[in-house]
Amino acid sequence: MNRVKNLWSRRRRITKINLILGTIFALVFGYIAMATYFGTASQVRYTSNDFPGAKKAATAFLRVSPFQRHIGYFNRGTAEAAVGDFDAAQTDLESALEIAPTSAECAVRVNLSYVYEKQADQIASQDPDQSQELYDRSLKTLEDAPEECQPKKSEEKQKSNQAKERVEDKKQGEKAKEEGTDDSESDDEDSQDQDSDDKSSGDEGQDSDEEKAPDDSSGKSEREKKRDELEKRREDSERQHRQQGPGGDGGRSTPEKPW
């Protein structure tokens with residue numbers, strides 16, 4: 001009788017242990033499945049241009065997943081950049097860059113560079129100096145990328161080179177604009193001085209000056225030509241990337257899609 005009781009007691013203990021282990025495994029599996037779902041949902045919603053939905057899914061991923069958190073920050077920052085919330089995107093992408101493994105670092109840098117570039121575009125006319133600093137930061141973000149994540153002839157290397165060229169064109173174009181504005185102000189002052197001299201000279205001298213005045217419409221200074229060329233290159237680059245669209249090779253109307 002005692003032997004039967006001991007056997008029954010042992011089976012009950014084994015059953016309890018199995019139930020506990022089964023519950024733990026079920027919870028872990030459900031936890032992993034939920035984190036995977038939110039990570040995948042962020043990608044799918046971004047691809048379908050549901051950027052707010054992609055942000056919500058990435059936020060949920062960050063709440064439930066203690067692993068690969070750089071993916072959550074990257075996906076959320078990418079979705080925020082796609083709707084023009086560049087300050088929030090900067091915060092999330094910088095957080096992603098701090099914890100991303102080397103193999104994933106280039107993807108983060110490409111999108112973070114895009115955010116700095118767009119921030120510079122927004123303030124280019126109001127604060128040229130700050131705009132130039134942001135363009136420099138955008139270029140440095142790309143230049144500091146480790147070689148491990150962008151081998152030669154790889155897609156990441158191509159995207160990085162395209163972004164560098166575009167940002168450099170914008171930077172030079174804005175710098176040329178600023179220099180051109182200074183030249184225009186100087187030319188206006190010289191023109192006013194010349195007008196006052198013309199008025200003080202008499203009608204005969206005025207007629208003589210008109211005959212000798214150069215035809216500025218027939219040519220431009222070297223600085224103006226350079227400025228026009230840089231502006232044309234910048235416009236061509238932006239037009240090309242708008243035509244490629246999101247998800248294309250180097251398309252930058254929105255940042256690169258998330259993981």
Side-chain angles (χ1 to χ4, degrees), residues 46 74 77-84 86-87 89-90 92-94 96-97 100 102-181 220-259:
Y46 184 92
F74 177 85
T78 300
E80 289 164 341
V83 297
F86 298 119
D87 290 340
Q90 176 186 346
D92 279 331
L93 290 172
E94 287 178 346
L97 184 60
T102 302
S103 59
E105 192 172 320
C106 281
V108 180
R109 286 183 177 276
V110 168
N111 282 10
L112 182 56
S113 168
Y114 170 86
V115 169
Y116 291 145
E117 175 189 342
K118 288 301 181 181
Q119 289 175 325
D121 291 345
Q122 289 181 332
I123 65 171
S125 59
Q126 292 85 11
D127 192 344
D129 292 337
Q130 180 65 21
S131 177
Q132 289 292 319
E133 290 180 7
L134 286 168
Y135 283 135
D136 289 337
R137 190 183 302 176
S138 177
L139 289 171
K140 190 174 188 305
T141 300
L142 295 170
E143 292 168 354
D144 290 346
E147 290 296 330
E148 292 85 347
C149 69
Q150 54 172 357
K152 294 181 179 179
K153 298 183 179 181
S154 68
E155 183 179 1
E156 294 296 341
K157 185 71 172 180
Q158 181 183 6
K159 290 176 182 177
S160 179
N161 289 339
Q162 289 173 341
K164 287 178 184 177
E165 181 179 354
R166 184 182 61 259
V167 174
E168 190 63 47
D169 285 347
K170 286 185 177 182
K171 178 183 174 182
Q172 295 300 328
E174 292 298 334
K175 187 175 182 180
K177 278 185 180 180
E178 185 179 356
E179 292 176 352
T181 301
K220 296 182 178 180
S221 67
E222 290 297 324
R223 180 171 291 178
E224 289 175 333
K225 290 179 180 179
K226 181 179 179 182
R227 185 173 67 250
D228 291 344
E229 180 182 355
L230 287 169
E231 181 64 18
K232 185 177 183 300
R233 287 176 60 189
R234 185 177 68 85
E235 291 176 354
D236 290 342
S237 176
E238 289 183 345
R239 188 183 305 110
Q240 177 183 2
H241 291 295
R242 282 197 301 268
Q243 291 172 351
Q244 290 172 340
D249 294 337
R252 302 295 284 174
S253 58
T254 59
E256 299 300 328
K257 64 182 179 180
W259 274 291

**OP:** Could you tell me the separation between the NZ atom of Lys170 and the CD atom of Glu165, rounded to the nearest 0.5 Å?
**Re:** 12.5 Å

Original post:
What is the distance from atom CD of Gln130 to atom CD of Gln122, rounded to the nearest 0.5 Å?
Top reply: 12.0 Å

Subject >> Distance in Å, Arg137 CZ paired with Asp144 CG, rounded so as to fall on 0.5 Å steps >> reply: 12.5 Å

Original post:
How long is the span from the CG atom in Leu93 to the CG atom in Asn111, to the nearest 0.5 Å?
Top reply: 6.0 Å

Subject >> Nearest-0.5 Å distance, CG of residue Asp92 to CG of residue Leu97 >> reply: 12.5 Å

Subject >> Atom pair CD/CG of Gln90 and Leu112 - distance to nearest 0.5 Å >> reply: 7.0 Å

Subject >> Closest non-hydrogen atom pair between Lys164 and Leu139, with its separation >> reply: O-CD2, 3.6 Å

Original post:
Checking Ser113 side chain against Arg109 main chain: does a donor-acceptor pair fall under 3.5 Å?
Top reply: no

Original post:
Where is the tightest heavy-atom contact between Phe86 and Val115, given as atom of each residue plus distance?
Top reply: O-CG1, 3.4 Å

**OP:** Please step through side-chain contact (heavy atoms from CB on, under 4.5 Å) for the pair Gln119 and Asp87, ending with a clear verdict.
**Re:** CA-CA 8 Å; Gln119 289 175 325; Asp87 290 340; 3.1 Å; yes

Original post:
Where is the tightest heavy-atom contact between Ala163 and Leu142, given as atom of each residue plus distance?
Top reply: CB-CD1, 3.6 Å

Original post:
What pair of heavy atoms forms the shortest contact from Tyr135 to Ala120, and how long is it?
Top reply: CE2-CB, 3.5 Å

Original post:
Which heavy atom in Val167 sits nearest to a heavy atom in Ser138, and how many Å separate them?
Top reply: CG2-OG, 3.6 Å

**OP:** Might you point out which heavy atoms bring Ala82 and Tyr46 nearest each other, and give the distance in Å?
**Re:** CB-CE1, 3.9 Å

